[in-house]
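These notes concern the structure reproduced below.
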Amino acid sequence: MSFPLLTATAALPALGAIATAAVPAARRTAAKWLALLVSLATLALAAIVLVRFDPGGDRYQLTESHAWIKDFGVRYELGVDGIAVALIALTALLIPFVILAGWHDADPLETGNTRWRPTQGFFAMILLVEAMVIISFEATDVFLFYIFFEAMLIPMYFLIGGFGDRAHEHGEETASTQRSYAAVKFLLYNLVGGLIMLAAVIGLYVVAGSFSLTEIAAARANGSLDMATNTERWLFLGFFFAFAVKAPLWPLHTWLPNAMGEATTPVAVLITAVVDKVGTFAMLRFCLQLFPEASKWATPVILVLALISIIYGALLAVGQRDIKRLVAYASISHFGFIILGIFAMTSQGQSGATLYMVNHGISTAALMLVAGFLISRRGSRLIADYGGVQKVAPVLAGTFLIGGLATLSLPGLAPFVSEFLVLVGTFTRYPVVGIIATFGIVLAALYTLVLYQRTMTGPVKAEVAKMPDLRVRELVVVTPLIVLLIFLGVYPKPLTDIVNPAVKQTLSDVHKKDPKPEVEAAK
């Protein structure tokens with residue numbers, strides 16, 4: 001029996017979470033180092049998955065299949081395609097940086113009376129989220145996927161509500177209330193989506209007699225499973241609704257600005273760069289593969305919602321006074337691009353959407369983490385409280401600028417390639433939609449450059465005059481992300497080689513081909 005590599009990749013952070021939580025309360029530093037070492041070991045396993053994956057091989061590789069709940073037809077089935085491999089690598093890469101960036105975020109608080117924060121629990125829950133996200137990318141049994149899709153809400157709820165941002169313009173009591181509100185809103189939105197999906201999962205089993213993604217897809221392909229049109233559409237809507245909440249897609253997005261604004265910066269990165277990617281990934285893996293005809297039926301409405309997300313998120317980002325909420329609304333705009341690429345139903349669009357998931361994770365992590373370092377120095381999230389930072393902390397300002405330029409998809413940085421492919425892929429099939437979506441690029445340049453101008457340039461404000469530059473730990477966090485942004489911006493081929501075969505298979509599932517270019521005959 002071969003080594004269960006996929007199980008090990010998900011189980012290691014889960015076991016690490018248990019071990020970290022069990023560290024004695026007085027050994028906070030040991031808990032931090034244990035969590036970091038476990039995350040690095042998980043990264044090593046993810047690298048092995050990446051190396052062993054053959055882009056030209058079978059669709060699902062490194063597969064595992066075991067009986068689990070026989071009476072209900074549930075199996076423990078894992079397998080990865082190129083899209084899943086890329087997102088597993090992204091998750092495993094970002095978690096060590098999240099842990100390093102949050103090294104002191106769960107240390108004891110001094111607020112008159114000393115209130116101890118459970119440091120071990122903070123890092124244990126980060127590892128637990130990592131485990132659940134990874135197995136969500138690996139699961140090829142719909143019920144198995146659903147369990148971890150929902151279970152990750154529990155540690156995320158405590159990370160948002162229990163470990164909020166210390167840089168709050170109001171008092172601790174008000175801040176605590178707002179954290180609780182953000183955590184409950186996050187939980188309720190995602191629980192409602194999950195409950196609707198559960199009904200669709202049960203309905204799928206009733207219709208198909210199986211939870212296995214590969215079995216159902218094969219039955220649909222060979223004609224042995226023929227869903228009624230209305231049945232397929234209702235099941236699609238049940239799945240899509242849950243994924244749209246997680247993504248988040250307008251108008252189901254409102255939990256994200258609250259959650260990112262009130263969470264600590266590393267947890268905000270965890271939300272938008274890691275957890276939310278499960279929603280867009282699941283649209284590709286489950287919606288398109290299980291319900292191809294319903295996916296095409298819903299495409300016009302979904303494209304409109306994606307366009308609204310792009311423009312609406314960018315417009316609200318322009319008007320933000322809070323740095324973290326600005327990044328949150330920018331992410332809503334970016335997720336609009338991802339969903340637009342998925343449902344453009346072209347190879348360029350879906351390749352761009354997959355690349356966007358990876359590149360957005362890296363660029364948002366870079367920008368948000370540097371913003372977090374800035375906020376921790378000044379103690380404020382308000383843009384108006386900054387000015388002239390580049391004169392006193394040039395390295396911090398420089399890395400902030402690169403993260404911002406990546407966010408606006410500057411050519412030469414990784415997100416440009418993915419955004420360009422999404423727009424090209426959309427334009428070839430839906431030219432009007434592609435043209436409207438380009439306005440999101442203009443607005444991205446506006447909110448990014450205005451943010452940099454107001455915080456980093458101009459006269460040095462007295463409150464930032466003695467602000468220290470990035471420290472060694474912070475440079476260790478930011479530098480690899482900046483290097484990756486530049487490398488993948490100049491040479492994205494290693495990533496495209498992995499995801500393109502999976503994208504072609506997904507297009508085949510929905511019986512779509514790239515439209516032929518209309519070339520005027522030479523006279």
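Heavy-atom basis, side chains included; hydrogens, waters and symmetry copies ignored.
The side-chain contact (heavy atoms from CB on, under 4.5 Å) with Ile135 is formed by just one residue from the set Ile147, Leu78, Ile88; it is Leu78. Tested against Val499 for a side-chain contact (heavy atoms from CB on, under 4.5 Å), the candidates Asp81, Thr354, Val85 yield a single pass: Thr354.
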For a side chain to side chain contact (heavy atoms under 4.5 Å, CB included) check, start with the C-alpha distance between Gln350 and Ile83, then their side-chain angles and the critical distance, and finish with the verdict. CA-CA 10 Å; Gln350 292 188 354; Ile83 299 169; over 6 Å; no
Can you list the steps and then say if Glu138 with Leu6 is a side chain to side chain contact (heavy atoms under 4.5 Å, CB included)? CA-CA 7 Å; Glu138 297 173 345; Leu6 296 185; 3.7 Å; yes
Full working for salt bridge (charged side-chain N to carboxylate O under 4.0 Å, His left out) between Arg325 and Glu262: CA-CA 9 Å; Arg325 290 178 72 90; Glu262 300 306 323; 5.5 Å; no
Would you please test Leu270 and Met156 for side chain to side chain contact (heavy atoms under 4.5 Å, CB included) and show each step? CA-CA 9 Å; Leu270 193 64; Met156 286 305 306; 3.8 Å; yes
Kindly indicate, with the supporting measurements, whether the criterion side chain to side chain contact (heavy atoms under 4.5 Å, CB included) is fulfilled by Thr272 and Phe335. CA-CA 10 Å; Thr272 190; Phe335 275 103; 3.8 Å; yes
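Among residue pairs with one or both ends in residues 455-471, those qualifying as salt bridge (charged side-chain N to carboxylate O under 4.0 Å, His left out) are Arg471-Glu474; sequence neighbours excluded. Legend: salt bridge (charged side-chain N to carboxylate O under 4.0 Å, His left out) pairs involving residues 32-49, not counting sequence neighbours, sorted by first then second residue: Lys32-Asp107. A side-chain hydrogen bond (donor to acceptor under 3.5 Å, both in side chains) check over residues 181-193, counting only residues at least two apart or in different chains, returns the pairs Lys185-Asn258, Tyr189-Thr254. Applying the side-chain hydrogen bond (donor to acceptor under 3.5 Å, both in side chains) test to residues at least two apart or on different chains, the pairs with a partner in residues 387-402 are Gln390-Tyr452. Residue pairs that meet the side-chain hydrogen bond (donor to acceptor under 3.5 Å, both in side chains) test with at least one member in residues 359-368, sequence neighbours left out, are Lys277-His360, Ser331-His360, Asn359-Ser418, His360-Thr364. Annotation: side-chain hydrogen bond (donor to acceptor under 3.5 Å, both in side chains) contacts involving residues 404-415, sequence neighbours excluded, comprise Ser409-Glu419.
Considering CG of Leu50 and CG of Leu45, their distance stands at 12.5 Å, rounded to 0.5 Å. Annotation: the span from Ile134 atom CD1 to Thr42 atom OG1 amounts to 6.0 Å, rounded to 0.5 Å. Between the CG atom in Leu284 and the CD1 atom in Ile342 there is a gap of 4.0 Å [rounded to 0.5 Å]. Note that CG of Leu249 and CG of Leu340 are 10.5 Å apart. Values are rounded to the nearest 0.5 Å. From Ile441, atom CD1 reaches atom CG of Leu446 across 14.0 Å, with rounding to the nearest 0.5 Å.
Looking at residues two or more places apart in sequence or on another chain, you find a side-chain hydrogen bond (donor to acceptor under 3.5 Å, both in side chains) between Ser351 and Asn500. Legend: residues meeting ring pair (Phe, Tyr, Trp, His ring centres under 6.0 Å) with Tyr329, ordered by chain and number and at least two apart, are absent. Residues passing the ring pair (Phe, Tyr, Trp, His ring centres under 6.0 Å) test with Phe53, sequence neighbours excluded: none. For the ring pair (Phe, Tyr, Trp, His ring centres under 6.0 Å) test, residues two or more places apart in sequence or in another chain that qualify with Phe137 are Phe281. For Phe186, the ring pair (Phe, Tyr, Trp, His ring centres under 6.0 Å) test picks out Trp255, with sequence neighbours left out.
Between the side chain of Lys324 and the backbone N or O of Ala263 there is at least one donor-acceptor pair closer than 3.5 Å. Proximity of a side-chain donor or acceptor of Arg381 to a complementary backbone N or O of Gly261 within less than 3.5 Å is detected. Without hydrogens or angle criteria, Arg377 side chain to Pro468 main chain gives a donor-acceptor distance under 3.5 Å. Side-chain atoms of Ser39 come within 3.5 Å of backbone N or O of Leu36 as a donor-acceptor pair. Judged by distance alone, the side chain of Arg52 and the main-chain N or O of Leu62 form no donor-acceptor pair under 3.5 Å.
Between Ala31 and Gln120, the closest heavy-atom pair is CB-CG, 3.4 Å. Closest heavy-atom contact between Glu150 and Leu191: OE1-CD2, 3.7 Å. Nearest heavy atom pair, residue Leu423 against residue Gly434, reads CD2-O, 4.0 Å. The shortest non-hydrogen separation linking Ile126 to Ile95 is CG2-CG2, 4.1 Å. Shown here for Pro266 and Asp105, the closest heavy-atom pair between the two residues is CD-OD2, 3.1 Å. The shortest heavy-atom contact between Gly489 and Pro492 is O-CD, 4.5 Å.
Classification of the Phe149-Phe243 ring pair by plane angle, with boundaries at 30° and 60°, yields perpendicular. Ring geometry for His334 against Tyr447 counts as tilted: the plane angle lies between 30° and 60°, on a 0 to 90° scale.
Atom CH2 of Trp103 sits in a crowded spot, with more than 12 heavy atoms from other residues, nucleotides or ligands closer than 6.0 Å. Atom CZ of Arg27 has 12 or fewer neighbouring heavy atoms from other residues, nucleotides or ligands inside a 6.0 Å radius. Shown here is Arg378, whose CZ atom has more than 12 heavy atoms of other residues, nucleotides or ligands within 6.0 Å.
Residues Leu93 and Leu484 are in side-chain contact: their nearest non-hydrogen atoms beyond the backbone lie under 4.5 Å apart. Contact check for Thr448 versus Leu405: no side-chain heavy atoms found under the 4.5 Å cut-off. The shortest distance between side-chain heavy atoms of Phe240 and Ile302 falls below 4.5 Å. In this structure, Gln348 and Phe420 have side chains that are not in contact, with every pair of non-hydrogen atoms separated by 4.5 Å or more. The side-chain heavy atoms of Ile375 and Ser380, taken from C-beta on, include no pair separated by under 4.5 Å. The shortest distance between side-chain heavy atoms of Leu481 and Leu485 does not fall below 4.5 Å. Residues Ile323 and Tyr386 form a side-chain contact, since some pair of their non-hydrogen atoms from C-beta on lies under 4.5 Å apart. The shortest distance between side-chain heavy atoms of Phe97 and Val478 does not fall below 4.5 Å.
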Check residues 10-24 and write down every donor-acceptor pair under 3.5 Å in which the side-chain atom is one partner and the other belongs to a residue at least two apart or another chain.
from  : atom 1 : to    : atom 2 : distance (Å)
Thr20 : OG1    : Gly16 : O      : 2.7

